[in-house]
Asks: 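First the structure, which I've put down as C-alpha coordinates, then a few questions once you've had a look.
On a predicted model such as this, the values are computed, not experimentally measured, just so you know.
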Amino acid sequence: MKKLLKQYGFFSDMQYFEMIVESVINGQRTQAKELFAKLPKIEKNNFIKAICFDWQTGLKIDDKKMFIDLI
(Lines give C-alpha, C1' and ligand atoms only; values in the text may rest on other atoms or scores of the structure.)
Protein backbone atom coordinates (compact mmCIF):
# COMPACT_ATOMS: atom_id res chain seq x y z
CA MET A 1 0.00 0.00 0.00
CA LYS A 2 2.88 2.34 0.76
CA LYS A 3 3.99 2.09 -2.87
CA LEU A 4 0.55 3.10 -4.15
CA LEU A 5 0.31 6.00 -1.73
CA LYS A 6 3.73 7.25 -2.77
CA GLN A 7 2.88 6.85 -6.47
CA TYR A 8 -0.15 9.13 -6.13
CA GLY A 9 1.28 11.46 -3.48
CA PHE A 10 -1.24 10.35 -0.86
CA PHE A 11 -0.71 10.09 2.88
CA SER A 12 -3.51 7.68 3.81
CA ASP A 13 -5.40 4.72 2.45
CA MET A 14 -8.62 6.75 2.59
CA GLN A 15 -7.26 9.18 0.01
CA TYR A 16 -6.71 6.26 -2.36
CA PHE A 17 -10.15 4.85 -1.52
CA GLU A 18 -11.68 8.25 -2.29
CA MET A 19 -9.98 8.25 -5.68
CA ILE A 20 -11.58 4.89 -6.47
CA VAL A 21 -15.03 6.10 -5.40
CA GLU A 22 -14.67 9.34 -7.35
CA SER A 23 -13.80 7.32 -10.45
CA VAL A 24 -17.08 5.40 -10.14
CA ILE A 25 -19.08 8.57 -9.50
CA ASN A 26 -17.50 10.20 -12.58
CA GLY A 27 -18.51 7.21 -14.70
CA GLN A 28 -15.02 5.78 -15.03
CA ARG A 29 -15.80 2.28 -13.81
CA THR A 30 -12.90 0.70 -15.71
CA GLN A 31 -10.46 3.04 -14.01
CA ALA A 32 -12.04 2.29 -10.64
CA LYS A 33 -11.65 -1.45 -11.24
CA GLU A 34 -8.01 -0.99 -12.22
CA LEU A 35 -7.29 1.08 -9.12
CA PHE A 36 -9.04 -1.50 -6.95
CA ALA A 37 -7.07 -4.34 -8.57
CA LYS A 38 -3.79 -2.67 -7.53
CA LEU A 39 -4.73 -2.86 -3.84
CA PRO A 40 -3.20 -5.57 -1.65
CA LYS A 41 -5.82 -8.14 -0.58
CA ILE A 42 -6.14 -6.82 2.97
CA GLU A 43 -6.71 -3.30 1.63
CA LYS A 44 -9.34 -4.61 -0.79
CA ASN A 45 -11.16 -6.02 2.22
CA ASN A 46 -10.78 -2.74 4.11
CA PHE A 47 -12.13 -0.83 1.11
CA ILE A 48 -15.19 -3.10 0.88
CA LYS A 49 -15.86 -2.73 4.60
CA ALA A 50 -15.51 1.04 4.36
CA ILE A 51 -17.90 1.50 1.44
CA CYS A 52 -20.47 -0.96 2.82
CA PHE A 53 -20.51 -0.12 6.51
CA ASP A 54 -18.39 2.83 7.63
CA TRP A 55 -18.52 5.46 4.93
CA GLN A 56 -21.40 7.22 3.19
CA THR A 57 -19.98 7.26 -0.34
CA GLY A 58 -23.09 7.75 -2.42
CA LEU A 59 -22.28 4.58 -4.35
CA LYS A 60 -25.20 2.53 -5.56
CA ILE A 61 -25.64 -1.04 -4.37
CA ASP A 62 -24.65 -2.31 -7.82
CA ASP A 63 -21.38 -0.37 -7.57
CA LYS A 64 -20.63 -1.93 -4.20
CA LYS A 65 -21.45 -5.39 -5.55
CA MET A 66 -19.07 -4.78 -8.45
CA PHE A 67 -16.16 -4.38 -6.02
CA ILE A 68 -17.20 -7.41 -3.97
CA ASP A 69 -17.25 -9.49 -7.16
CA LEU A 70 -13.69 -8.37 -7.93
CA ILE A 71 -12.30 -10.05 -4.82
Side-chain angles (χ1 to χ4, degrees):
M1 187 69 193
K2 289 180 183 179
K3 228 181 199 184
L4 286 173
L5 296 179
K6 186 176 181 180
Q7 179 181 350
Y8 289 97
F10 294 150
F11 299 102
S12 73
D13 57 352
M14 281 306 292
Q15 289 177 295
Y16 190 86
F17 293 174
E18 288 171 356
M19 182 171 62
I20 296 172
V21 170
E22 287 176 18
S23 293
V24 174
I25 291 170
N26 293 331
Q28 299 178 4
R29 294 171 63 90
T30 301
Q31 178 182 346
K33 289 178 184 180
E34 290 170 356
L35 292 169
F36 181 79
K38 291 180 183 180
L39 287 171
K41 184 170 175 86
I42 192 155
E43 294 300 333
K44 288 179 182 176
N45 291 336
N46 290 338
F47 176 78
I48 298 293
K49 290 175 190 174
I51 64 171
C52 289
F53 304 110
D54 302 328
W55 181 24
Q56 298 296 321
T57 60
L59 292 178
K60 297 175 185 173
I61 291 175
D62 288 342
D63 295 327
K64 293 176 183 181
K65 287 179 181 179
M66 171 186 71
F67 288 113
I68 291 169
D69 289 340
L70 293 174
I71 292 184

Asks: Run the numbers on Phe10 and Glu18 for side chain to side chain contact (heavy atoms under 4.5 Å, CB included), then give the verdict.
Replies: CA-CA 11 Å; Phe10 294 150; Glu18 288 171 356; over 6 Å; no

Asks: Does the Lys NZ or Arg CZ of Lys44 fall within the cation-pi geometry relative to Phe36 - under 6.0 Å from the ring centre and within 45° of the axis?
Replies: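 Judged by the rule, Lys44 and Phe36 form a cation-pi pair.
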
Asks: Hey, could you give me the CG/CD distance between Leu35 and Glu22, rounded to the nearest 0.5 Å?
Replies: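 Answer for the CG-CD pair, Leu35 versus Glu22, is 11.0 Å.
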
Asks: Between Ala32 and Ile20, what is the shortest heavy-atom contact and its length?
Replies: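 Shortest heavy-atom separation between Ala32 and Ile20 comes out as CB-O, 3.7 Å.
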
Asks: Is Ile42 atom CD1 crowded by more than 12 heavy atoms from other residues, nucleotides or ligands, each under 6.0 Å away?
Replies: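 12 or below, so no.
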
Asks: Parallel, tilted or perpendicular for Phe47 and Phe17, by the 30°/60° rule?
Replies: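 Answer is perpendicular, since the angle exceeds 60°.
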
Asks: Measuring only between side-chain heavy atoms, which start at C-beta, is Met66 closer than 4.5 Å to Val24?
Replies: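 They are in contact (side-chain heavy atoms under 4.5 Å apart), so the answer is yes.
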
Asks: Measuring from atom CG of Asp63 to atom OG of Ser23, what distance do you get when rounded to the nearest 0.5 angstrom?
Replies: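 The CG atom of Asp63 sits 11.5 Å away from the OG atom of Ser23.
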
Asks: Any idea which heavy atoms bring Ile71 and Asn45 closest together, and the distance?
Replies: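 Of all heavy-atom pairs spanning Ile71 and Asn45, the closest is CD1-OD1, 3.6 Å.
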
Asks: Ignoring hydrogens, what is the shortest heavy-atom contact between Thr57 and Ile51? Give both atom names and the distance.
Replies: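 For Thr57 versus Ile51, the nearest heavy atoms are CG2-CG2, 3.9 Å.
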
Asks: Please determine whether side chain to side chain contact (heavy atoms under 4.5 Å, CB included) holds for the pair Tyr16 and Glu43, giving the CA-CA distance in whole Å, both sets of side-chain angles, and the decisive distance to 0.1 Å.
Replies: CA-CA 10 Å; Tyr16 190 86; Glu43 294 300 333; over 6 Å; no

Asks: Quick check: are there more than 12 heavy atoms from other residues, nucleotides or ligands sitting under 6.0 Å from NZ of Lys38?
Replies: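 Atom NZ in Lys38 is crowded, with more than 12 foreign heavy atoms closer than 6.0 Å.
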
Asks: Apply side chain to side chain contact (heavy atoms under 4.5 Å, CB included) to Leu70 and Lys33, showing your working.
Replies: CA-CA 8 Å; Leu70 293 174; Lys33 289 178 184 180; 3.7 Å; yes

